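Scope of the values below: all heavy atoms of this structure, side chains included, with no hydrogens, waters or symmetry mates. It should be emphasised that the depicted structure is a prediction, and the values quoted were computed from it without experimental measurement. In what follows, chains carry the letters A, B, and so on, assigned in the order in which the sequence lines appear, proteins first and then strands, with residues in each chain numbered from 1.
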Amino acid sequence: MLGFLIRRIIQSVFVMLAVALIAFMMFRFMGDPVNSMVAETATTEERDAVRERLGLDQPLYVQYGRFVARAATGDFGLSWRNARPVSTLLAERFPATAELVLVAAGLSLVLGIPLGILTALRPHSFSTQALQLMSLVGISLPTFVTGILLILVFSVWLGWLPSFGRGTVVDVGWWSTGFLTLSGLKALILPSVMLCLFQLTLIMRLVRAEMMEVLRTDYIKFAKARGLTNRSIHFHHALKNTLIPVITIFGLQLGGLIAFAIITETVFQWPGMGALFIQAVSFGDVPVMAAYLVLVSLIFVIINTTVDLLYAVLDPRLRVEGARAAH
Amino acid sequence: MTLLTVENLTVAFPGRSGTVNAIEDVSLSVSPGEILGMVGESGAGKSMTGAAIIGLIEPPGRIAAGEIRLEGQRIDTLRPDEMRRIRGRRIGAIFQDPLTSLNPVLTVGEQLIETIQTHLKLSKDEARARAIDWLRRVGIPAPEARIDTYPHQYSGGMRQRVVIALALCAEPRLVIADEPTTALDVSVQAQIIALLRKLARETGVAVILVTHDMGVIAETADRVAVMYAGRIVEVGPVAEVLTAPRHPYTRGLMASIPRIGARPDVLPQIEGAMPRPHARPAGCAFAPRCPVRIEICGQTRPDLTGHATRSVACHLSEEVPA
């Protein structure tokens, strides 16, 4: 297990170095950065002075090395748009996105797994048919459409929930949370529902398909032949086998949630990293874009490693070292 | 007193082209401690009979006629939850493939302890002690350590031993063993059969041994029932049925067993194939393949007749040399 973890960490380092290279190259795509820093009337000597001061006259690999070294300490330089440290900007926005994604992921699991089990156990009932139809709608409708529909129904017509923003937030250390106030919680509902809808239907359908597959296996038939209760057969014997592929997809989709959050944050004017990224794109604010790219990649890598570790917990056949030791 | 009686059992599967009977008019009985072999080729209805007795026929199949009694109690009409309490506790089951019969994500101990605690009022520690004891009885070395390992850490033969322990751990009076050795190496088959016989003798559990292997029947069973196209065609003590088969199908089966030493160019076999359930002929289902058929065989189905220990379903059973 430890060897596996070390291998994964080394792989992750290489992935992050590659991502950092792409992020670093972004600065080159925008043309000569010196142009946007000096006055239009500046002489060549003045430009060279700036270039020298910023280290831009050095070879590319030196610049890349410095970029990586700084990024490793969380230093992505100043935002070109409002001249504040990029790390501070991201740190301000991170809690909003994290809370949104967390609630959406939680909702999709808490609703998706039981609904998947229900529809697998009663494949012919009316509720299953209805849920299957609804999940088809949920999977095909673009999320921004459902988001706008949610705003129309719950904010405009019914007036129950706010249509934008995070409501009142409370600072706990550097983390600003919407969990502790009523208006913060109410503001979370619509965006998280919109964000989770796709994952929810995906997980429901996946759990249903896996569960039906597992229920046909010999070990479930043998469990029935031993007179075990339906409850134990469904929720202990079958579910544990069902969850193994579900964990993989969920891990991959968790990264997808962060990506989809850009759209949700735009629709609901949610002050998260996604909204910050969209602003950065429209202003050509490369340091923010580069930092966002690196941060999201880091989150992806951490999630995938965690999922691989979870496998071993769920499926004893993957605990290779453990198996050898027992023989 | 008989342990199990099955009378005129018919299992029907409704299909698009009408209802098909997987087994028809099957009657048999098992005494305590007895090993009853059931032989026949694939699709003859051996496994279906077993599934009907244990109450696990896959829907939409259902018992259309007949009754099943266990120790005098009728069990084919029980509610699902009542039947569940009988499975494992009074009737155990051993399945064909030990590689797929065990849940891969639960330890052997978890599966044993849960089965024991479902049926017997025992604490976790008592159930664990009993589980270790059962692993020892089925011949698992170092059961105290092996109990906490997973099925994939066992070999095929060892897994089938675990399956047997799981089937017997709540001390049923009857075990239905459905092709328990088919998926195993030949060398392991003999060990498993010996183990089954030993445990049957020790615990007094009766066994219905479903197999297509005449050799296994000859070594293990006390009596044998031969099935063909959903019906029992011959039943009797093993020694009598194997040495002096009276139904032409049984004789064909016995003649099909290759003998060591004889090296025929063509292996002996019964001409033709068993009719599928929806295409069974009127009259005797074996008539189209039967070397000694007479006119009546194509018109009237022969009933299973005979005296207490030996019955044959053949119009010629009286004339056939015993």
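Note on B/Arg89, B/Gln96, B/Arg84: by heavy-atom pairs under 4.5 Å with chain A, the leading option is B/Arg84. Between chain B and the residues A/Ile244, A/Thr217, A/Thr229, the largest count of heavy-atom pairs under 4.5 Å involves A/Thr229. Note: A/Ala225 leads A/Ala225, A/Ser232, A/Ala238 in heavy-atom pairs under 4.5 Å with chain B.
Within a 6.0 Å radius of CD in A/Glu213, no more than 12 heavy atoms belonging to other residues, nucleotides or ligands are found.
Shown here are the side-chain contact (heavy atoms from CB on, under 4.5 Å) partners of A/Leu252, two or more places apart in sequence or in another chain: A/Asn304. Partners of B/Arg137 according to the salt bridge (charged side-chain N to carboxylate O under 4.0 Å, His left out) rule, which considers only residues two or more places apart in sequence or in another chain, are B/Glu202.
Within residues 104-129 of chain B, the residues having any heavy atom under 4.5 Å from a heavy atom of chain A are, by residue number, B/Pro104, B/Val105, B/Leu106, B/Gln111, B/Glu114, B/Thr115, B/Thr118, B/His119. Residues from residues 100-123 of chain A never place a non-hydrogen atom less than 4.5 Å from a non-hydrogen atom of chain B.
Distance alone, capped at 3.5 Å, places no donor-acceptor pair between the A/Arg226 side chain and the B/Leu166 backbone.
Summarising the geometry, atom CG belonging to A/Asn241 is positioned 4.5 Å from atom CG belonging to B/Asn103; distances are rounded to the nearest 0.5 Å.
Under the 4.5 Å side-chain criterion, counting only non-hydrogen atoms from C-beta, B/Ser101 is not in contact with A/Tyr219.
Neither the backbone nor the side chain of B/Leu99 has a heavy atom closer than 4.5 Å to any heavy atom of chain A.
For the residue pair B/Leu102 and A/Phe222, the shortest heavy atom distance occurs at CD2-CE2, 4.5 Å.
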